[in-house]
Chemist: 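Here it is: the structure, laid out below.
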There are 4 protein chains.
Amino acid sequence: MTPKRVDRSARREQILAAAVRVFARKGFAATRIDDVAREADIGKGSVYLYFDSRDALLSAAFEAFAERSRNVLQQAREGTGPPLERLGSLVRSVLEALADEPELARILLDLWSSGREESQLPLDMPGVYSEYRTTIAELLREAEGTVREGVGEHHATVIVGAIEGCLLQWLMDPRLPITELAEPILDVCVEGVRLREEA
Amino acid sequence: MTPKRVDRSARREQILAAAVRVFARKGFAATRIDDVAREADIGKGSVYLYFDSRDALLSAAFEAFAERSRNVLQQAREGTGPPLERLGSLVRSVLEALADEPELARILLDLWSSGREESQLPLDMPGVYSEYRTTIAELLREAEGTVREGVGEHHATVIVGAIEGCLLQWLMDPRLPITELAEPILDVCVEGVRLREEA
Amino acid sequence: MTPKRVDRSARREQILAAAVRVFARKGFAATRIDDVAREADIGKGSVYLYFDSRDALLSAAFEAFAERSRNVLQQAREGTGPPLERLGSLVRSVLEALADEPELARILLDLWSSGREESQLPLDMPGVYSEYRTTIAELLREAEGTVREGVGEHHATVIVGAIEGCLLQWLMDPRLPITELAEPILDVCVEGVRLREEA
Amino acid sequence: MTPKRVDRSARREQILAAAVRVFARKGFAATRIDDVAREADIGKGSVYLYFDSRDALLSAAFEAFAERSRNVLQQAREGTGPPLERLGSLVRSVLEALADEPELARILLDLWSSGREESQLPLDMPGVYSEYRTTIAELLREAEGTVREGVGEHHATVIVGAIEGCLLQWLMDPRLPITELAEPILDVCVEGVRLREEA
DNA sequence: TATGAATGAGTGTTCATTCAT
DNA sequence: AATGAATGAACACTCATTCAT
């Protein structure tokens with residue numbers, strides 16, 4: 001029926017993976033189509049059989065990243081158990097997912113840059129972060145009674161910020177122990193919103 | 001014979017300011033020297049009388065940013081009063097400084113990208129964040145007895161992360177009320193490390 | 001998958017020949033890559049598929065010239081017969097070779113200029129002339145007994161000079177009958193060194 | 001009457017001398033107006049008070065060179081004594097003049113290049129060489145009876161060639177002892193045309 | 001007269017994209 | 001489908017020339 005559909009899509013993935021590796025290494029701006037083709041071990045022209053343009057590679061990388069995000073968030077929303085524990089799982093999942101695919105993480109630097117309003121590529125990074133915030137805000141709302149009064153959307157923003165900000169520091173300085181940061185993040189963020197059971 | 005009529009360094013600043021505005025708008029990668037010249041209302045060649053290269057403009061922008069950073073951090077270190085309150089002031093100062101110069105803030109997106117290891121421009125962004133962490137870690141240390149045990153460097157990273165991560169979200173979506181985030185950040189971060197006065 | 005259709009080195013030669021024609025006409029300094037591309041009837045970018053830079057075109061032209069030189073000199077060294085007759089053949093060969101490829105001859109003007117010490121391009125023109133002199137000095141040495149005493153390296157320099165100087169004048173004024181100058185050169189140079197059979 | 005005429009012309013000479021020094025060092029193509037101004041120790045704009053354009057500097061340098069040539073040739077024409085001896089004096093004068101002002105000599109490389117037909121600057125180098133040849137041909141004609149039959153214009157070309165060709169080799173390789181070449185040149189050129197007094 | 005800041009036309013080079021094979 | 005040679009638009013940077021002071 002679709003005799004080469006699998007091949008085609010596998011090939012596409014192969015090229016995208018190569019592109020992500022190169023983007024991670026040199027950054028999008030410094031990456032040439034030639035570099036991607038060489039990394040994917042195919043001819044330069046072949047890249048265009050699977051992607052419309054150089055920018056399309058970054059868009060596809062964004063999509064891959066956004067999909068990971070959606071998955072992690074969906075799990076958090078569908079999870080059961082105490083909301084603050086699900087928040088903890090969410091934070092750990094995010095960091096693990098990034099630590100698992102450090103190359104995908106490194107392209108965040110380019111995705112952030114390209115998210116700019118006047119950019120030609122309107123990758124919907126704002127949307128990704130908006131979803132993050134919404135999901136976490138929802139968890140906080142569910143946790144009503146466990147968290148202090150007044151905790152709300154802004155605190156969700158801070159929690160997302162803490163995660164992304166740690167990630168950012170790791171990207172700037174890979175010596176930072178990104179996985180070890182999960183607990184401190186939770187320490188700060190979860191304790192930072194938890195209701196104090198004052199005597 | 002006639003001494004210079006123009007103040008070299010004022011002119012330089014004027015061009016740099018124009019460059020920062022354009023970088024903020026279109027991103028460094030998409031900014032042409034011509035754009036900067038037009039924004040500064042001078043000829044293209046004149047840019048080169050004050051900057052060695054296009055990259056030098058970004059480096060200068062980094063320097064401007066780094067100087068702001070150093071000032072804010074210095075104030076935090078020299079401040080008096082309870083450490084956690086000084087942490088609060090620091091957080092507010094950082095956010096205010098960035099909200100005051102949103103264009104300078106937006107080039108952070110480019111500075112982060114250029115911080116990449118293989119980049120040609122050795123902008124010392126890692127150094128900037130390292131100083132941030134050190135300063136905050138110092139405040140936390142001074143706050144010993146007020147903060148929970150085990151609170152340390154990693155928590156400093158989380159606090160820096162929360163600030164930068166909120167900033168990041170604001171950059172992605174300028175509708176976020178960046179200055180209003182100071183209190184939630186402190187809410188989370190300060191409460192997140194403060195000793196619980198358990199009965 | 002399909003092997004190259006074009007013969008790389010043939011293409012290279014084609015471009016080089018075009019470049020030499022333009023150099024001959026306008027001089028290297030006044031030649032734009034665009035001129036070369038147009039003369040070769042290809043796109044400007046294609047020049048760079050075969051040559052690293054504009055300078056590389058001149059270097060390649062030098063190589064072509066140097067190869068011709070080496071061939072002519074080798075023939076002179078390998079020749080048989082009385083040395084002074086071989087000198088005559090050498091002189092005639094040099095002039096004929098240049099008259100045959102007047103465009104290659106005209107780039108001599110540029111090669112001489114580029115031979116300057118501080119030049120970026122280390123075209124070994126001095127080496128070429130040094131070989132000329134050595135070869136001719138060798139012929140003169142072999143001719144010992146036929147030439148006057150005291151005839152040596154300096155006279156070789158003068159003979160090379162006479163050839164190149166005639167060439168120079170022809171380049172300045174193409175109406176000079178370069179090939180007809182072979183005999184006068186020999187007249188002067190050979191008679192100028194030949195032993196006088198004094199009574 | 002002409003209150004600053006001397007000053008003006010002296011200034012012009014100062015600049016021209018500076019230009020010649022720079023041309024000699026880096027070649028005309030690589031010489032910037034800035035280089036000349038710095039060498040002359042004046043402002044860049046001031047160069048244009050005395051010369052119309054960069055090219056005009058090379059033209060002026062040519063004029064200076066051509067004037068030296070004319071002087072030397074005039075002396076040869078006006079001289080007395082046996083023609084072949086005057087030819088000897090001429091050769092020596094030319095070489096001495098060049099050895100005296102090696103910088104003026106070095107710009108020959110640029111003058112030759114710029115003499116090209118399609119060049120924008122039609123420096124009359126062909127004219128200079130033509131005069132050389134005419135003068136020497138005249139000497140040879142006067143020497144009728146002392147030189148072999150058939151010696152004529154072409155031999156004049158060869159003699160001019162020998163001089164210029166030695167000069168060329170010296171310019172390519174300054175280690176060649178230019179002044180020591182006068183005698184070999186005469187050896188070859190004068191003996192090369194002199195009538196053999198056969199027994 | 002002297003200056004050097006300002007200019008912008010001009011050019012070498014790169015590289016995304018196309019297309020003949 | 002796959003290739004890589006060919007292309008030319010785009011751009012950083014240079015520098016001769018101008019001109020306000």
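Values below: all heavy atoms of this structure, side chains included; hydrogens, waters and symmetry mates excluded. These numbers come from a predicted model, not from an experiment. Quick note on labels: first sequence line is chain A, next is B, and so on, each numbered from 1.
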Chemist: Quick check on F/dG4: is either OP1 or OP2 less than 4.0 Å from any side-chain nitrogen or oxygen of C/Arg8?
Modeler: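 So the side-chain polar atoms of C/Arg8 never come under 4.0 Å of the phosphate oxygens OP1 or OP2 of F/dG4.
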Chemist: One thing to verify: whether D/Asp35 and D/Arg32 come together as a salt bridge, which I'm taking to mean a side-chain N less than 4.0 angstrom from a carboxylate O.
Modeler: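 Salt bridge between D/Arg32 and D/Asp35, a charged N being under 4.0 Å from a carboxylate O: no.
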Chemist: Mapping D/Ile33 and B/Ser53 to their closest nucleotides on DNA chain F, which lands nearer the 5' end?
Modeler: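 By nearest-heavy-atom nucleotide position, the 5'-most residue is B/Ser53.
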Chemist: Rounded off to whole Å, could you give me the CZ-to-P distance for the B/Arg32 and F/dA10 pair?
Modeler: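 Rounded to the whole Å, the gap is 11 Å.
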Chemist: Rounded to whole angstroms, how far apart are CG on D/Asp55 and P on F/dC15?
Modeler: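 Interatomic distance, CG of D/Asp55 to P of F/dC15: 15 Å.
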Chemist: What contact category does B/Tyr50 fall into here, base, sugar-phosphate, or nothing, at under 4.0 angstrom with non-hydrogen atoms?
Modeler: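 Here B/Tyr50 touches the backbone only, sparing every base.
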Chemist: For C/Glu13, enumerate each residue passing the salt bridge (Lys or Arg N to Asp or Glu O under 4.0 Å) test, keeping only those at least two apart in sequence or located in another chain.
Modeler: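 So C/Glu13 forms no salt bridge (Lys or Arg N to Asp or Glu O under 4.0 Å) with any residue.
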Chemist: Output every pair passing side-chain hydrogen bond (donor to acceptor under 3.5 Å, both in side chains) with a member in residues 39-56 of chain D, not counting sequence neighbours, ordered by first then second residue.
Modeler: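 Qualifying pairs: D/Arg21-D/Glu39, D/Arg25-D/Glu39.
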Chemist: Holding to salt bridge (Lys or Arg N to Asp or Glu O under 4.0 Å), I want the full list of residues that pass it with B/Glu63, two or more places apart in sequence or in another chain.
Modeler: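 Expected list: B/Arg70.
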Chemist: Tell me, please, which residues at least two apart from B/Arg68 pass salt bridge (Lys or Arg N to Asp or Glu O under 4.0 Å).
Modeler: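 B/Arg68: salt bridge (Lys or Arg N to Asp or Glu O under 4.0 Å) contacts with B/Glu101.
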Chemist: What would the secondary structure line of DNA chain E be in dot-bracket form, counting Watson-Crick and G-U wobble pairs under 3.5 Å, with [ ] for pairs that cross earlier ones and | for pairs with another strand?
Modeler: .||||||||||||||||||||
Chemist: With sequence neighbours left out, what residues match D/Arg12 under salt bridge (Lys or Arg N to Asp or Glu O under 4.0 Å)?
Modeler: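 Scan of D/Arg12 (salt bridge (Lys or Arg N to Asp or Glu O under 4.0 Å), adjacent residues dropped) gives none.
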Chemist: Take C/Arg11 and B/Asp34, find for each the nucleotide of DNA chain F with the closest heavy atom, and name the residue whose nucleotide sits nearer the 5' end.
Modeler: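 Whichever sits nearer the 5' end wins; that is C/Arg11.
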Chemist: In whole angstrom, give the distance that lies between atom CD1 of C/Ile15 and atom C1' of F/dT7.
Modeler: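 Distance check: C/Ile15 CD1 to F/dT7 C1' gives 13 Å.
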Chemist: Of all of residues 36-49 of chain C, which get a heavy atom below 4.0 angstrom from DNA chain F, listed by number?
Modeler: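 When residues 36-49 of chain C is checked for heavy atoms under 4.0 Å from DNA chain F, the hits, listed by number, are C/Ile42, C/Gly43, C/Lys44, C/Gly45, C/Ser46, C/Leu49.
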Chemist: In whole angstroms, how far is the P atom of F/dA1 from the CD atom of A/Gln14?
Modeler: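 Whole-Å distance recorded here is 14 Å.
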Chemist: Over how many whole Å does the gap from B/Phe51 atom CZ to E/dA5 atom C1' extend?
Modeler: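 In whole Å, E/dA5 C1' and B/Phe51 CZ are 16 Å from each other.
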Chemist: Report the distance from atom CG of B/Leu111 to atom OG of A/Ser113, rounding to the nearest 0.5 Å.
Modeler: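 OG of A/Ser113 is found 9.0 Å from CG of B/Leu111.
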Chemist: Whole angstroms only, please: what is the CZ-C1' distance between B/Phe28 and F/dC11?
Modeler: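 Atom-to-atom, B/Phe28 to F/dC11, this comes out as 13 Å.
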Chemist: Rounded to whole angstroms, how far apart are CG on C/Asp35 and P on E/dG10?
Modeler: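 The answer, rounded to whole Å, is 13 Å.
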Chemist: Please compare C/Thr31 and A/Arg54 by the position of their nearest nucleotide in DNA chain E and report the one closer to 5'.
Modeler: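 Whichever sits nearer the 5' end wins; that is C/Thr31.
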Chemist: Output all residues satisfying side-chain contact (heavy atoms from CB on, under 4.5 Å) with C/Pro102, sequence neighbours left out; order by chain, then residue number.
Modeler: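 Residues passing side-chain contact (heavy atoms from CB on, under 4.5 Å) with C/Pro102: C/Trp170.
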Chemist: Is there any ring pair (Phe, Tyr, Trp, His ring centres under 6.0 Å) pair reaching into residues 8-35 of chain D, and which pairs are they, with sequence neighbours excluded?
Modeler: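 Non-adjacent pairs meeting ring pair (Phe, Tyr, Trp, His ring centres under 6.0 Å): D/Phe23-D/Phe28.
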